[in-house]
Amino acid sequence: MSIEKAPNFLEDIIAEDVRLGKNDGRVLTRFPPEPNGYLHLGHATSICLNFGLGQKFNGQTNLRFDDTNPVTEDTEYVESIQRDIQWLGFQWGNLFYASDYFEQMYAFAVTLIKKGLAYVEDCSAEEIAAMKGTPTEPGKASPSRNRSVEENLELFEAMRAGKFKEGEKTLRAKIDLASPNMHLRDPLMYRIKFAHHHRTGDKWCIYPMYDFAHGQSDSIEQITHSICTLEFEVHKPLYNWFIEQLGIFPSQQYEFARRNINYTVMSKRKLMQLVNEGHVNGWDDPRMPTISGIRRRGYTAASIRHFCELTGISRRENVIDVSLLEYCIREELNKTATRRMAVINPVKLIIDNYEEGKVEMLTGENNPEVEGGGGTREIPFSRELWIEREDFMEEPPKKFFRLGPGLTVRLKHAYIIKCESFVKNEAGEVSEIHCTYFPESRSGQDTSGIQVKGTMHFVSALHALPVQVNLYDRLFKVENPSAEEGDFKSYINEQSLTVVQNAYVEPALRDADPEEKFQFIRLGYFCFDQDSKRDQMIFNRTVTLKDTWAKEAGK
RNA sequence: UGCCCGAUAGUAUAAUGGCAGUACAACUGAUUUUGGUUCAGUUUGUCUAGGUUCGAAUCCUGGUCGGGCAACCA
């Protein structure tokens with residue numbers, strides 16, 4: 001088990017509340033996504049936080065869809081969000097929608113009108129903005145501000161009844177037009193939208209704004225700790241104002257800093273652009289930082305939870321190094337992934353002194369990290385093999401422990417071979433490598449006494465299965481695309497996906513479990529793509545192995 | 001130049017007035033039939049100037065730097 005996780009400041013706050021007997025020691029959190037896009041790693045942090053706190057304090061976490069803007073929302077997103085949360089390994093207490101509370105919210109609004117704390121506004125969006133002032137200048141009152149309670153009630157009812165066009169009227173809270181907090185300068189509570197809502201259909205033509213929906217929803221559900229990201233901090237006085245004026249259950253809002261990861265973007269708006277403009281192949285493209293994307297990439301739920309645990313929670317701006325994410329999946333897959341051999345960039349190797357037509361079956365352990373090797377599989381060996389083109393050099397440098405004229409290496413699970421010669425084609429590239437093998441050096445029964453520095457993987461040419469392999473790299477060329485000059489999309493890494501059509505894998509993969517994760521020895525971790533078929537296998541590379549030779553060679 | 005928030009190694013995160021610690025990253029070396037893994041080790045830090053205190057990353061004051069706030073988005 002991992003070491004005890006350090007408590008974050010929210011845990012401290014909740015622990016203190018429980019100790020003081022606040023809400024009778026009850027803890028109820030909520031995860032409140034708007035169903036207008038797919039969940040990403042930033043949401044994963046929030047999910048682990050909210051559900052984690054619920055569990056830790058013997059409480060629960062509600063899933064609530066914040067569906068107050070019918071224009072952007074859709075059931076496709078509602079479904080993907082539920083799937084992603086469950087995949088991450090969490091189960092919500094209750095499933096609610098803000099739209100469940102539309103009738104109640106309307107009644108709340110009427111209450112505020114009756115108390116003289118809300119009024120129907122005639123001005124347009126532009127006029128309201130113009131009268132709002134600036135952070136350094138107070139706002140001015142609109143003529144609508146002095147309407148009578150009776151008139152406001154009448155007009156608000158007419159708004160609901162569809163008597164006005166979009167933009168013609170709004171409902172505003174009457175607070176303080178001179179407040180240094182812009183959100184308190186008579187914020188909008190309701191706007192008119194003749195839009196079809198994914199759940200309420202055409203029942204409503206007025207919809208509550210975030211500020212008038214979120215706190216009230218929390219309160220209705222008796223959420224004790226409402227946790228959101230830092231940009232909502234300036235909304236908190238308003239959140240509290242509505243609750244106080246309505247005299248309803250006092251949920252409390254707390255904020256933490258949103259998660260960022262380098263070499264990617266993490267906002268639904270930007271991810272939506274990448275999808276809509278075809279820069280990626282959908283929300284679940286393995287290059288996307290969405291939950292569905294990293295799942296398809298081969299990341300496990302446990303590795304994501306571990307990542308969230310390691311990154312922690314704070315109120316400070318941050319950009320997490322993507323290498324931490326990669327560490328989390330490597331660490332898990334090293335212990336669990338089935339070892340197989342695959343050749344991604346093949347070149348033919350011929351063992352001149354190996355009998356033509358002969359086939360030996362070698363035995364290879366499935367996972368050396370598991371006690372007993374995790375079982376074994378048979379690996380065919382024959383005269384002609386595929387090896388990695390990068391494993392041969394015509395003029396190898398000093399510390400190159402692979403193949404080159406006169407060099408010896410071991411073929412994994414097989415024999416030690418010596419490179420005797422090579423053949424080039426018209427294009428000048430190496431087309432055949434000729435070797436001899438040492439019959440007494442067979443793996444496990446080596447009596448040759450020959451010492452070699454390197455071990456290489458291979459696939460028997462006669463038995464190789466041709467497959468497609470998708471090699472993924474970071475989606476952006478720069479660490480923080482959002483912080484760069486100009487359009488973030490101009491920093492997309494054009495080499496983020498390399499499709500290899502003619503890779504070869506060993507035959508044991510033919511009967512593999514579609515959910516299984518693999519380590520292709522010396523290459524990295526791979527999983528089946530969801531579009532994979534038995535006779536047309538497609539593998540996605542989750543992450544490479546650490547490669548200290550690449551560093552050495554790059555020097 | 002209004003209001004709010006933040007600042008601890010390259011990156012994150014702990015230390016809640018009492019030894020600045022952990023992880024990732026980087027670098028050495030050992031082991032290794034994966035240049036993987038594992039093991040041992042190294043490097044690197046409290047934004048700044050004052051103040052309070054026996055003692056300050058922590059409390060106070062000023063400054064600097066970064067972020068948020070003026071959507072009929074959430």
Side-chain angles (χ1 to χ4, degrees), chain A residues 2-3 5-9 12 32-34 36 66-69 71-73 121 124-125 128-129 132-139 166-172 179-185 188-193 206-207 209-211 213-214 228-237 255 257 259 262 268-269 309-328 330-331 334-335 339 341 368-369 399-402 409-414 416 443-444 446 452-457 479 519-524 544-553:
Chain A
S2 58
I3 50 169
K5 190 180 67 165
N8 59 57
F9 72 99
D12 293 342
E34 184 189 11
N36 66 346
D66 220 345
D67 56 350
T68 57
N69 185 1
V71 177
T72 57
E73 296 153 7
E121 174 64 81
S124 67
I128 291 173
K132 206 151 206 174
T134 68
T136 54
E137 298 164 55
E166 282 190 18
E168 202 176 334
K169 304 278 184 213
T170 54
L171 184 72
R172 296 178 75 177
S179 172
N181 183 338
M182 299 298 287
H183 295 277
L184 259 20
R185 317 244 273 223
L188 259 54
M189 293 165 58
Y190 270 91
R191 76 291 213 192
I192 299 170
K193 273 181 196 285
I206 57 171
Y207 292 93
M209 299 289 290
Y210 166 84
D211 284 310
H214 203 94
C228 60
T229 46
L230 235 27
E231 69 268 24
F232 291 101
E233 188 170 33
V234 284
H235 294 246
K236 184 151 65 180
E255 312 85 21
R259 265 300 151 249
N262 59 11
K268 269 195 253 183
R269 191 179 59 82
E309 198 174 291
L310 289 179
T311 50
I313 296 294
S314 74
R315 288 171 64 86
R316 171 185 161 191
E317 286 144 43
N318 59 79
V319 184
I320 312 275
D321 202 318
V322 69
S323 66
L324 184 64
L325 222 206
E326 295 176 342
Y327 158 79
C328 289
R330 282 196 188 106
E331 185 201 43
N334 174 52
K335 294 185 203 126
R339 269 57 169 180
M341 292 201 283
E369 299 299 315
K399 284 192 265 180
F400 188 76
F401 306 139
R402 307 179 188 183
V409 297
R410 172 171 293 283
L411 292 172
K412 181 80 176 169
H413 304 305
I416 291 174
S443 195
D446 185 352
V452 292
K453 283 280 214 172
T455 301
M456 290 173 19
H457 62 278
E479 284 207 34
Q519 184 197 99
F520 289 172
I521 290 175
R522 299 211 302 141
L523 295 177
T544 61
L545 257 29
K546 278 215 262 180
D547 189 354
T548 52
W549 166 248
K551 266 179 217 157
E552 179 69 27

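All heavy atoms count here, side chains included; hydrogens, waters and symmetry mates do not. Each chain gets a letter, A, B and so on, in the order the sequences are listed, and its residues count up from 1. Note that the structure is predicted; figures quoted are calculated from it, not measured.
- Set against C27(B), C24(B), U34(B), the side chain of R522(A) has U34(B) as its closest nucleotide.
- Applying the 3.5 Å distance criterion, the base of U38(B) shares no donor-acceptor pair with the side chain of E369(A).
- Of all nucleotides listed (A12(B), G35(B), U33(B)), U33(B) comes nearest to the side chain of R410(A).
- Of the P atoms belonging to C27(B) and G63(B), the separation is 43 Å, rounded to the nearest Å.
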Parsed dot-bracket for RNA chain B after applying the Watson-Crick and G-U rules with both distances under 3.5 Å and | for other-strand partners is .((((((..((((....[..)))).(((((.......)))))....(((((..]....))))))))))).....
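- Residue H413(A) is in base contact, counting any heavy-atom pair closer than 4.0 Å across all strands shown.
- If you check every strand for non-hydrogen atoms under 4.0 Å, R339(A) touches a base.
- Rounded to whole angstrom, the span from the NZ atom of K546(A) across to the P atom of G35(B) amounts to 14 Å.
- A49(B) and U1(B): their P atoms are spaced 27 Å apart (whole Å).
- Comparing the C1' positions of U31(B) and U37(B) gives a spacing of 10 Å, expressed to the nearest Å.
- Straight-line distance between the P atoms of A12(B) and G67(B): roughly 14 Å, to the nearest whole Å.
- Between the base of G35(B) and the side chain of R402(A) there is a donor-acceptor pair shorter than 3.5 Å.
- The gap from the P atom of U53(B) to that of A40(B) amounts to 47 Å, rounded to the nearest Å.
- What separates CG of D321(A) from P of A23(B) is a distance of 16 Å, to the nearest Å.
- Nucleotides U58(B) and U46(B) place their P atoms 13 Å apart, quoted to the nearest Å.
- Residue I320(A) places its side chain closer to A12(B) than to any other of A12(B), G36(B), C24(B).
- L545(A) comes within contact range of at least one nucleobase, with a heavy-atom separation under 4.0 Å.
- Separation of the P atoms belonging to A20(B) and G62(B) is 29 Å when rounded to the nearest angstrom.
- Within the structure, a side-chain polar atom (N or O) of S314(A) is placed less than 4.0 Å from OP1 or OP2 of U13(B).
- When heavy atoms are screened at a 4.0 angstrom cut-off, S443(A) is found touching base atoms of the nucleic acid.
- The C1' atoms of U22(B) and A71(B) are separated by 42 Å, rounded to the nearest whole Å.
- One atom, CZ of R185(A), and another, P of C3(B), lie 12 Å apart when rounded to the nearest Å.
- Taking 4.0 angstrom as the limit, R316(A) places a side-chain polar atom (N or O) nearer than this to OP1 or OP2 of U8(B).
- Across all strands shown, G444(A) has heavy atoms under 4.0 Å from base atoms, whether or not it also approaches the sugar-phosphate.
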Contact string for nucleotides 63-74 of chain B, one letter per nucleotide 5' to 3', B = base within protein heavy-atom range under 4.0 Å, S = sugar-phosphate only, - = neither, reads ---BSBSBSBSB
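- Counting atom types as modelled, T311(A) pairs no side-chain N or O with a base atom of U13(B) as donor and acceptor under 3.5 Å.
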